[in-house]
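Sequence positions, counted from 1, serve as the residue numbers for this chain. In what follows, every heavy atom counts, from backbone to side chain, and hydrogens, waters and symmetry copies are set aside.
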Amino acid sequence: MTCPPEDADCRPAAALVATRRAAFESLDELFEPYERLIRIVVAGKELHVPENNLLLRQLSYVAPDIASGRYCWNGECRYCEVSYRTETRGAEQSALACRVKGQSGMRVTKLALEMRYNLAETLAAAPKANE
């Protein structure tokens with residue numbers, strides 16, 4: 001997560017993400033290859049996640065607790081159910097985060113309870129998204 005130098009509100013979130021990422025360096029092999037981070041909005045908070053990955057993997061990039069959560073990663077448990085909107089399709093859709101790739105500009109509006117729990121720290125520290 002990178003912050004513009006003038007964005008003081010973003011610095012604590014970036015520090016938290018950097019600290020937690022350092023603790024989970026061994027998880028890097030879990031991600032599909034990516035060249036850049038994309039912006040998504042989750043529950044009104046701005047996050048930067050690796051492109052070309054499933055949404056659940058992308059969220060584990062900023063919230064390593066997801067990697068150790070109770071997710072089945074194959075769509076059976078439904079602990080990763082989300083509702084979201086994309087820039088290309090304005091209508092809200094429901095999906096499992098273990099089955100849909102996150103896209104630049106995606107807005108996740110609803111999260112299953114397990115995901116809210118695992119993302120709580122990250123979302124509390126993340127900057128509010130500009131609407």
A.B. asks: Are Val49 and Tyr34 linked, directly or through other ILVMFWY residues, by side chains that come within less than 4.5 angstrom of each other?
C.D. replies: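 Same cluster: Val49 reaches Tyr34 through Ile, Leu, Val, Met, Phe, Trp or Tyr contacts under 4.5 Å.
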A.B. asks: Could you see if Leu96 belongs to whatever hydrophobic cluster contains Leu54? Use Ile, Leu, Val, Met, Phe, Trp, Tyr and a side-chain cutoff under 4.5 Å.
C.D. replies: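 No, no single cluster joins them.
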A.B. asks: How would you list, by chain and number, every residue that makes a side-chain contact (heavy atoms from CB on, under 4.5 Å) with Glu87, sequence neighbours excluded?
C.D. replies: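 Counting only residues at least two positions away or on another chain, Glu87 forms no side-chain contact (heavy atoms from CB on, under 4.5 Å).
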A.B. asks: Which residues pass the side chain to side chain donor-acceptor pair (under 3.5 Å) test with Ser104, sequence neighbours left out?
C.D. replies: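 Ser104: no side chain to side chain donor-acceptor pair (under 3.5 Å) contacts found.
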A.B. asks: Could you tell me the separation between the SG atom of Cys80 and the CZ atom of Arg99, rounded to the nearest 0.5 Å?
C.D. replies: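 Those atoms lie 8.5 Å apart.
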A.B. asks: Is the side chain of Asn118 donor-acceptor paired with the backbone N or O of Ala63 at a distance under 3.5 Å, no angle test?
C.D. replies: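 Absent.
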A.B. asks: Which residues satisfy the salt bridge (charged side-chain N to carboxylate O under 4.0 Å, His left out) test with Arg116, sequence neighbours excluded?
C.D. replies: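 Here no residue qualifies.
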A.B. asks: Would you please name every residue forming a salt bridge (charged side-chain N to carboxylate O under 4.0 Å, His left out) with Lys101, sequence neighbours left out?
C.D. replies: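 Checked Lys101 against salt bridge (charged side-chain N to carboxylate O under 4.0 Å, His left out); zero matches.
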A.B. asks: Kindly say whether Leu123 contributes a backbone atom to a donor-acceptor pair with the side chain of Lys45 at under 3.5 angstrom?
C.D. replies: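 Yes.
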A.B. asks: Please name all residues satisfying side chain to side chain donor-acceptor pair (under 3.5 Å) with Arg36, sequence neighbours left out, ordered by chain then number.
C.D. replies: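 So Arg36 forms a side chain to side chain donor-acceptor pair (under 3.5 Å) with Glu51.
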A.B. asks: What verdict does the side-chain contact (heavy atoms from CB on, under 4.5 Å) test give for Ile38 and Met106, after you've listed the backbone C-alpha separation in whole Å, the side-chain angles of each residue and the deciding distance to 0.1 Å?
C.D. replies: CA-CA 9 Å; Ile38 59 172; Met106 178 183 264; over 6 Å; no
A.B. asks: Just jot down the side chain to side chain donor-acceptor pair (under 3.5 Å) partners of Glu92, sequence neighbours excluded, or say none.
C.D. replies: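 Scan of Glu92 (side chain to side chain donor-acceptor pair (under 3.5 Å), adjacent residues dropped) gives Thr109.
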A.B. asks: Do Arg57 and Trp73 form a cation-pi contact, if we require the NZ or CZ to be under 6.0 Å from the six-membered ring centre and within 45 degrees of the ring's axis?
C.D. replies: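 Yes, Arg57 lies over the aromatic ring of Trp73.
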A.B. asks: Among residues at least two apart in sequence or on other chains, which ones pass side-chain contact (heavy atoms from CB on, under 4.5 Å) with Val100?
C.D. replies: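 So Val100 forms a side-chain contact (heavy atoms from CB on, under 4.5 Å) with Leu55, Tyr84, Ala95.
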A.B. asks: Checking the side chain of Gln58 only, and the main-chain atoms of Gly102 only, is there a donor and an acceptor separated by less than 3.5 Å?
C.D. replies: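 Confirmed, Gln58 side chain pairs with Gly102 backbone.
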A.B. asks: Quick one: closest heavy-atom pair of Ser94 and Ser83, and the distance?
C.D. replies: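 For Ser94 and Ser83, the tightest heavy-atom pair comes out as OG-OG, 3.5 Å.
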A.B. asks: Could you tell me which non-hydrogen atom of Gln103 sits nearest to which non-hydrogen atom of Thr88, and how far apart they are?
C.D. replies: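 Answer, listing the atom of Gln103 first, then Thr88: OE1-OG1, 4.5 Å.
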A.B. asks: Charged N to carboxylate O under 4.0 angstrom, Glu46 versus Lys128?
C.D. replies: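 No, no charged N to carboxylate O under 4.0 Å.
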A.B. asks: Identify, with sequence neighbours excluded, every residue that meets side chain to side chain donor-acceptor pair (under 3.5 Å) alongside Arg78.
C.D. replies: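 So Arg78 forms a side chain to side chain donor-acceptor pair (under 3.5 Å) with Glu81.
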A.B. asks: In the structure I gave you, are the side-chain heavy atoms of Val108 and Leu59 within less than 4.5 Å of one another anywhere?
C.D. replies: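 No; the side chains remain at least 4.5 Å from each other.
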A.B. asks: Can you check whether Phe31's main-chain N or O pairs, donor with acceptor, with Asn53's side chain at less than 3.5 Å?
C.D. replies: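 Answer holds: no.
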A.B. asks: Mind listing the closest non-hydrogen atom pair of Cys98 and Gly75 along with its distance?
C.D. replies: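 So the minimum-distance heavy-atom pair works out to SG-N, 3.4 Å.
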A.B. asks: Look at the side chain of Tyr61 and the backbone N and O of Leu37, then say whether any donor-acceptor pair between them is shorter than 3.5 Å.
C.D. replies: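 Judged by distance alone, no pair lies under 3.5 Å.
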A.B. asks: Between Tyr79 and Arg70, is there a cation-pi geometry (under 6.0 Å to ring centre, at most 45° from the normal)?
C.D. replies: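 Judged by the rule, Arg70 and Tyr79 form a cation-pi pair.
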A.B. asks: Would you indicate whether the side-chain heavy atoms of Lys110 and Val82 approach each other to under 4.5 Å?
C.D. replies: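 Counting from C-beta outward, Val82 and Lys110 never come under 4.5 Å.
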A.B. asks: Taking the side chain as C-beta and beyond, is there a heavy-atom pair between Leu56 and Ile66 under 4.5 Å?
C.D. replies: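 Yes, their side chains come closer than 4.5 Å.
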